[in-house]
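Only heavy atoms go into these numbers, but all of them, side chains included; no hydrogens, no water, no symmetry mates. It should be emphasised that the depicted structure is a prediction, and the values quoted were computed from it without experimental measurement.
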Amino acid sequence: MRAHPQECREHAERCRELARTATNAEARASYLETAHSWEQLAAEIEGAQAFIRTMAEIVGRGEPGQPGQAEPEAA
């Protein structure tokens, strides 16, 4: 299963909506804490995606003969 930052943020917003309608402070605090966790997860996923893109670029720029780099064609 792939996680998407936008989906995490949608879950966070739903938790905030539930917090606004919660009837007691404990439930409200729990929903807000969960919303914060969803936001953190979204940020972590974005960071991981950026890392993966960067690593793919680095591997793609390797020297000929190294993994991720095609051999030059013979003339």
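Every residue meeting the side-chain hydrogen bond (donor to acceptor under 3.5 Å, both in side chains) condition with E17, not counting sequence neighbours, appears here in chain and number order: R14. Partners of E13 according to the side-chain hydrogen bond (donor to acceptor under 3.5 Å, both in side chains) rule, which considers only residues two or more places apart in sequence or in another chain, are R16, R20.
Nearest heavy atoms, P5 versus A42: O-CB, 3.7 Å.
Within the structure, the ring-ring contact (aromatic ring centres under 6.0 Å, His included) test picks out the following pairs touching residues 10-50 (sequence neighbours left out): H11-W38. Within the structure, salt bridge (charged side-chain N to carboxylate O under 4.0 Å, His left out) pairs that include any residue of residues 25-38 do not occur (at least two apart or interchain).
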Compile the donor-acceptor pairs under 3.5 Å between side chains in residues 44-55 and protein atoms, sequence neighbours left out, one pair per line.
residue, atom, partner, partner atom, Å
E46, OE1, R9, NH2, 3.1
E46, OE2, R9, NH1, 3.0
T54, OG1, A50, O, 3.0

